[in-house]
Amino acid sequence: MPELPEVVVTLQGVLPYILGKKISHVTIRNGNLRWPVPKDLSVILNNRKLESGRQRSKYMLFRFPHGHMMIHLGMSGNLRVLPDDSLPEKHDHVDIFFDNKVLLRYSDPRRFGSILWVEGNPEEHKLLRNLGPEPFSAEFDASRLYSLSRGKVISVKQFLMDNKNVVGVGNIYANEALFLSGINPKKAAGRISFPAYGALVFNVIEVLSSAIEQGGTTLQDFSGNDGKSGYFKQELYVYGRGGKPCLKCTSLLREIRLGQRSSVYCSTCQK
DNA sequence: ACGAAGCCCTGCAAGC
DNA sequence: TGCTTGCAGGGCTTCG
């Protein structure tokens with residue numbers, strides 16, 4: 001479910017309810033996620049105040065006086081703030097109770113996500129240490145993609161989705177950004193020109209920021225959210241439209257697999 | 001070093 | 001109707 005925009009919007013949505021609040025306890029119903037949820041998370045967090053929250057890649061970092069809780073939503077996860085007497089459903093795996101009568105609920109049917117506790121600088125954590133720059137940072141530019149890609153024969157789409165090059169570009173937005181840039185997704189990364197990478201950088205930023213904007217307006221109130229409205233209503237040009245007419249030139253969109261991910265493109269508009 | 005493939009897991013839709 | 005198959009927005013790990 002979550003691409004970067006959803007992570008950003010989720011964080012924006014839950015923080016106002018829990019920032020500066022103390023945790024009373026944590027209930028783990030099923031800690032069997034991508035990695036095990038620390039069994040003693042309740043002991044670790046008991047009576048600790050949430051100082052801040054931020055996003056790095058698709059991880060959410062919640063800072064406490066003695067460390068960070070690091071949450072990833074995987075493929076199907078979501079995080080909601082609810083009244084503290086809300087009954088759990090099937091895949092509501094972890095509840096974090098705060099002292100203002102709310103709970104932060106982690107649900108994840110496929111359990112590809114994770115909740116980890118990190119002491120010290122989270123940027124040095126194994127999972128964050130080797131990540132590339134954020135898409136909204138100055139480090140993400142055409143020069144970076146151009147120089148990193150020289151000699152690479154993998155497809156430009158897979159290159160774009162590799163977290164070492166830039167983080168946060170998932171399958172939907174990789175498809176969309178390539179379409180908007182007029183770049184064929186299966187073209188070798190090493191054969192993309194500098195100006196084309198310029199266009200790609202611009203469109204990645206464009207497509208992610210407009211999704212965040214729209215997510216922010218559709219998901220203003222995270223308290224009591226049913227968790228199902230978390231999909232951006234943004235118009236998608238290619239993703240999920242294989243076989244349908246291109247919205248720019250009406251030729252039929254092709255659907256192929258690159259790196260085991262569905263990839264949709266227009267062979268007329270994307271060269 | 002690089003790139004391809006496997007794997008973790010459940011739910012759902014399509015096809016037979 | 002009911003079963004089987006394949007696919008889903010992620011990403012770490014292993015293998016060649």
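In what follows, every chain begins at residue 1, and chains take the letters A, B, ... in the order their sequences are listed. Keep in mind that this is a model prediction, so the values were computed, not measured.
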Taking everything shown except A/Lys271 itself, do over 12 heavy atoms lie less than 6.0 Å from its NZ?
-> yes

Does NZ belonging to A/Lys49 count more than 12 external heavy atoms closer than 6.0 Å?
-> no

Is any side-chain N or O of A/Arg261 under 3.5 Å from a base N or O of C/dG10, one able to act as donor and the other as acceptor?
-> yes

For the hydrophobic clusters of this structure (ILVMFWY residues joined by side-chain heavy atoms under 4.5 Å, transitively), does one cluster hold both A/Leu4 and A/Leu145?
-> yes

Is the shortest side-chain N/O distance from A/Tyr173 to OP1 or OP2 of C/dG9 below 4.0 Å?
-> no

Taking only the side-chain nitrogens and oxygens of A/Ser262, find out if one of them lies under 4.0 Å from OP1 or OP2 of C/dA8.
-> yes

Would you check, one step at a time, whether the test side chain to side chain donor-acceptor pair (under 3.5 Å) holds for A/Tyr173 with A/Asn175?
-> CA-CA 5 Å; A/Tyr173 297 115; A/Asn175 277 301; over 6 Å; no

Report the distance from atom CD of A/Gln260 to atom C1' of C/dG11, rounded to the nearest whole Å.
-> 12 Å

Please report, rounded to the nearest Å, how far the P atom of C/dA8 is from the CD1 atom of A/Ile172.
-> 11 Å

Which nucleotide in the list C/dG10, C/dC12, C/dA8 gets nearest to the side chain of A/Arg110?
-> C/dA8

Taking atom P of C/dG11 as reference, at what distance in whole Å does atom CG of A/Leu128 sit?
-> 12 Å

Just how far, in rounded Å, is P of C/dG10 from OH of A/Tyr59?
-> 13 Å

How far does the P atom of B/dC12 sit from the matching atom of C/dG11, given to the nearest Å?
-> 23 Å

Integer angstrom distance from the P of B/dG3 to that of C/dG9 | 22 Å

Under 4.0 Å between a side-chain N or O of A/His72 and OP1 or OP2 of C/dG10?
-> no

Inter-nucleotide P distance (B/dC9, C/dT14), Å rounded | 16 Å

Remember a base hit wins even if backbone is also touched, and classify A/Lys164 as base, sugar-phosphate or nothing at under 4.0 Å, heavy atoms.
-> nothing

Give a yes or no on whether a salt bridge exists between A/Asp162 and A/Lys152, defined as a side-chain N under 4.0 angstrom from a carboxylate O.
-> no

Rounded distance in Å - CD (A/Glu255) to C1' (C/dG6) = 13 Å

Which nucleotide in C/dG10, C/dA8, C/dG9 has an atom nearest any side-chain atom of A/Arg257 | C/dA8

Identify the heavy atoms of A/Val26 and A/Val94 that sit nearest to each other, and give their distance.
-> CG1-CG1, 3.9 Å

Rounded to the Å, how far apart are A/Asn165 CG and B/dG3 C1'?
-> 13 Å

May I ask you to decide whether A/Asp95 forms a salt bridge with A/Arg29, counting only side-chain N to carboxylate O separations under 4.0 Å?
-> yes

Smallest separation among heavy atoms of A/Cys249 and A/Ser251, with atom names = SG-OG, 2.7 Å

Listed nucleotide nearest any side-chain atom of A/Glu3, set C/dG11, C/dA8, C/dG9 = C/dG9

Can you list the steps and then say if A/Glu123 with A/Arg54 is a salt bridge (Lys or Arg N to Asp or Glu O under 4.0 Å)?
-> CA-CA 12 Å; A/Glu123 297 288 342; A/Arg54 66 188 177 93; 3.2 Å; yes

side-chain N/O A/Lys90 vs B/dG11 OP1/OP2, d < 4.0 Å = yes

When you get a sec, tell me which of C/dG11, B/dG11, C/dG9 is the closest nucleotide to the side chain of A/Pro109?
-> B/dG11

Which part of the nucleic acid, if any, lies within reach of A/Arg111 when heavy atoms closer than 4.0 Å are counted: base, sugar-phosphate only, or nothing?
-> sugar-phosphate

What nucleotide, of C/dG11, B/dG11, C/dA8, holds the atom closest to the side chain of A/His91?
-> B/dG11

With heavy atoms under 4.0 Å as the rule, sort A/Leu73 into base, sugar-phosphate or nothing.
-> nothing

Going by 5.5 Å between centroids and 30° between planes, is there a stack of A/Phe112 over C/dG10?
-> yes

Do any of residues 145-160 of chain A sit with a heavy atom less than 4.0 Å from DNA chain C, and if so which?
-> none

Quick one: the dot-bracket string of DNA chain B, using Watson-Crick and G-U wobble pairs with both distances under 3.5 Å, [ ] for crossing pairs and | for bases paired to another strand.
-> .|||||||.|||||||

Using the P atom on both, measure C/dG6 against B/dG6 and round to a whole Å.
-> 14 Å

Looking at A/Tyr239, is A/Arg241 sitting on its ring face, NZ or CZ under 6.0 Å from the six-membered ring centre and within 45 degrees of the normal?
-> no

Tell me, with the steps shown, if A/Trp117 and A/His66 meet ring pair (Phe, Tyr, Trp, His ring centres under 6.0 Å).
-> CA-CA 10 Å; A/Trp117 178 252; A/His66 56 321; 4.8 Å; yes

Nucleotide B/dC9, atom P - distance to CG of A/Asn30 in whole Å | 11 Å

Here the distance between atom P of C/dT13 and atom CG of A/Asp162, to the nearest Å, is 14 Å

